[in-house]
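What follows is a single structure, written as structure tokens, with notes after it.
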Protein chains: 2
Amino acid sequence: MTAGRKRQGAPPEANRRDELLRTAARLFVEKGFDATTTRDIAEAVGMRSGSPFYHFRSKQDLLKAAMIEGLEAGYRRLQAACTGVGDPAQRLRVMIRTHLGNLLESDCHTPMLIYESRSLDATARAEIAAATDRYQAVWQATLDELATLGRLRSSASPLRLLLFGMLNWGGQWYRPDGRLSLDEIAEAAADLLLEGAIARPAGAAAPAGKRETPP
Amino acid sequence: MTAGRKRQGAPPEANRRDELLRTAARLFVEKGFDATTTRDIAEAVGMRSGSPFYHFRSKQDLLKAAMIEGLEAGYRRLQAACTGVGDPAQRLRVMIRTHLGNLLESDCHTPMLIYESRSLDATARAEIAAATDRYQAVWQATLDELATLGRLRSSASPLRLLLFGMLNWGGQWYRPDGRLSLDEIAEAAADLLLEGAIARPAGAAAPAGKRETPP
DNA sequence: AATAAGCAAGCAATCGCTTGTTGGATTATC
DNA sequence: GATAATCCAACAAGCGATTGCTTGCTTATT
């Protein structure tokens with residue numbers, strides 16, 4: 001093959017292990033962990049039914065690896081997108097858009113696997129929790145910054161949780177071929193948070209049209 | 001034969017079908033549809049493993065019945081709570097609180113089963129969709145009313161979807177013994193929507209007070 | 001030669017569900 | 001009012017399929 005990274009020590013990197021990981025993640029997201037059989041995964045990468053167990057000790061291990069890999073990739077994308085953006089309001093907009101991308105438009109929507117956490121045992125769940133905590137800390141920092149600057153009334157935890165709810169729930173209804181693009185959803189969410197949903201009297205900039213066609 | 005069920009206290013008319021339904025819903029919410037076996041359900045109500053199939057044709061049928069029952073009960077609670085509340089802003093507050101109750105505090109959190117929709121076939125899913133559409137229509141009507149009164153900048157669909165995200169995501173983090181009560185969460189969500197998260201300069205006139213009493 | 005990567009076959013457990021049956025309650029018949 | 005017929009709700013047992021995973025062997029590359 002092309003990649004010549006073989007004679008390494010412990011971690012058998014690259015090769016078809018990655019393909020296995022990505023395919024498993026995709027199937028887990030599409031059909032759910034329990035509804036996806038190890039045979040499905042093997043078949044999807046062109047292996048026999050028992051071969052995935054050469055690379056992963058168990059089906060749970062496959063899920064755990066996929067979740068951690070996905071969460072860390074999302075974390076890196078988030079960091080890359082918002083470093084250098086000085087204005088916290090603008091940074092928050094970038095983070096919202098990036099987060100939606102992490103959830104819904106990356107080649108495989110790995111972070112959405114958090115739904116499947118309950119299929120893991122306690123220790124694996126703790127590892128996942130550590131990764132998500134790191135992710136959320138970045139958000140809380142920016143929200144705190146906005147509050148310190150007096151641009152948010154409060155940055156207490158309900159705000160962050162409600163914000164994540166707005167965004168993460170998109171996985172339940174967003175469709176790539178639907179009426180709303182990720183850019184539009186991101187803008188709507190950021191506007192709701194940073195400018196509010198209420199119509200403000202003349203002074204503020206809120207001239208937009210009243211309503212569109214209801215669904 | 002030894003363990004004759006003597007459920008004398010139970011009313012003769014109250015079939016054990018209902019008990020089956022409630023128990024199944026609880027287990028489905030707790031462990032997920034796939035991870036819950038029909039044997040689990042049978043055992044939880046004190047039956048033998050095959051007996052539930054006297055009342056329900058299939059496991060899927062049990063899920064469908066539980067979902068529809070839960071959705072309609074929630075719909076009734078929503079209607080009961082918000083009829084007679086004239087002011088649309090106050091009505092929205094009541095709806096938000098009632099919705100959180102439907103999700104998180106009723107004896108069994110049946111509406112949270114929407115997560116499990118994908119375990120149903122197409123026709124069953126269509127029935128569920130019809131029930132949820134009816135539920136959402138009530139919300140859209142109130143949002144439209146607020147927009148018409150000029151109190152919302154827009155009532156286009158993203159707003160409703162983001163709002164449901166805020167609330168429904170609570171199922172992922174809310175704990176009854178946690179720091180935030182449902183009342184507090186409901187207030188935070190309603191404030192975010194109706195008053196915005198931003199700190200406004202004192203000059204802005206619009207809705208100043210935090211909680212408003214119906215006029 | 002040595003090792004990484006995968007195949008072929010199947011095991012043990014579990015799954016949803018079916019079949020045949022039973023005791024008790026209800027209803028119909030005499 | 002006693003007896004027979006019917007029905008309800010559940011049990012007992014197990015079938016066929018599927019599941020995650022294991023074992024023993026083969027290939028390909030270095």
Side-chain angles (χ1 to χ4, degrees), chain A residues 1-25 27-28 30-66 116 118-121 124, chain B residues 1-25 27-28 30-66 116 118-121 124:
Chain A
M1 313 308 195
T2 57
R5 266 144 125 201
K6 282 225 167 155
R7 291 284 301 183
Q8 302 246 340
E13 255 210 351
N15 233 357
R16 302 196 66 193
R17 185 182 191 274
D18 273 3
E19 190 182 346
L20 212 42
L21 207 58
R22 262 196 284 277
T23 304
L27 291 175
F28 288 159
E30 282 175 14
K31 319 197 304 178
F33 177 74
D34 288 312
T36 303
T37 70
T38 57
R39 284 171 173 80
D40 290 337
I41 300 168
E43 194 182 8
V45 298
M47 285 181 179
R48 299 308 199 197
S49 67
S51 299
F53 292 93
Y54 173 77
H55 297 277
F56 297 92
R57 271 174 311 180
S58 69
K59 191 191 176 191
Q60 274 201 29
D61 217 50
L62 195 46
L63 173 62
K64 185 182 107 181
E116 309 286 354
R118 68 179 153 194
S119 297
L120 295 173
D121 54 43
Chain B
M1 66 187 188
T2 58
R5 305 261 149 235
K6 28 173 51 182
R7 43 190 199 296
Q8 247 192 358
E13 218 48 37
N15 223 341
R16 299 195 69 199
R17 185 182 191 274
D18 275 2
E19 191 183 345
L20 214 40
L21 208 56
R22 265 194 293 273
T23 304
L27 292 175
F28 287 159
E30 282 175 14
K31 318 199 303 175
F33 178 74
D34 288 312
T36 303
T37 71
T38 58
R39 287 172 171 84
D40 290 336
I41 300 168
E43 194 183 8
V45 299
M47 285 181 179
R48 298 307 195 199
S49 68
S51 300
F53 293 93
Y54 173 78
H55 298 277
F56 297 91
R57 272 176 312 177
S58 68
K59 190 190 176 191
Q60 274 201 27
D61 218 49
L62 195 47
L63 172 62
K64 185 181 105 179
E116 309 286 354
R118 68 178 155 195
S119 297
L120 296 172
D121 55 41

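A note on names: the letters A, B, ... follow the listed sequences, proteins ahead of strands, and every chain is numbered from 1. Keep in mind the model is a prediction, meaning the values are calculated, not measured.
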- Listed by chain and number, what are the salt bridge (Lys or Arg N to Asp or Glu O under 4.0 Å) partners of A:Lys64, not counting sequence neighbours? A:Glu127

- Task: Quickly work out the A:Ile41 CD1 to C:dG6 C1' distance and round it to whole Å.
- Result: 17 Å

- Residues in contact with DNA chain D, drawn from residues 50-58 of chain B - heavy-atom cutoff 4.0 Å: B:Ser51, B:Tyr54, B:His55

- Item | Contact summary for B:Leu27 and B:Ala44, nearest pair of heavy atoms | CD1-CB, 4.1 Å

- Whole-Å distance between C:dG16 P and B:Leu120 CG? 15 Å

- Grab the CZ-P distance between B:Arg16 and D:dC11 for me, whole Å please. 7 Å

- Task: Measure the distance from CG on B:Asp18 to P on D:dA9 and round it to the nearest whole Å.
- Result: 12 Å

- Just grab all the salt bridge (charged side-chain N to carboxylate O under 4.0 Å, His left out) pairs involving residues 32-47 of chain B, residues at least two apart or on different chains. B:Lys31-B:Asp40

- Shortest non-hydrogen contact between A:Arg48 and A:Pro52, atoms and distance: O-CD, 3.5 Å

- Item | Atom of A:Leu63, atom of A:Ser119 and distance for their closest heavy-atom approach | CD2-CB, 4.2 Å

- side-chain hydrogen bond (donor to acceptor under 3.5 Å, both in side chains) with B:Gln60: which residues, sequence neighbours excluded? none

- Query: Rounded to the nearest Å, what distance is computed from the CE atom of residue A:Met47 to the P atom of nucleotide D:dA28?
  - Reply: 16 Å

- Given that B:Phe33 and A:Gly46 both sit by DNA chain C, which one's nearest nucleotide is further toward the 5' end? A:Gly46

- Query: Whole-Å distance between C:dC15 C1' and B:Leu62 CG?
  - Reply: 15 Å

- Closest non-hydrogen atoms of A:Leu120 and A:Ala124, given as atom of the first, atom of the second and distance, are CB-CB, 4.0 Å

Write down the protein N/O and nucleotide N/O pairs, taken from nucleotides 11-14 of chain C, whose separation is under 3.5 Å; answer none if there are no such pairs.
none

- Message: Here's a test of your reading of the structure: between B:Asp34 and A:Arg48, which maps to the more 5' nucleotide of DNA chain C?
- Response: A:Arg48

- Query: So which heavy atom on B:Ser58 is nearest to which on B:Phe53, and how close?
  - Reply: CA-CE2, 4.1 Å

- Query: A:Glu19 has an atom CD; how far is it from atom C1' of C:dA5, in whole Å?
  - Reply: 13 Å

- Message: Does anything in residues 50-63 of chain B form a salt bridge (charged side-chain N to carboxylate O under 4.0 Å, His left out)? List the pairs, not counting sequence neighbours.
- Response: B:Arg57-B:Asp61

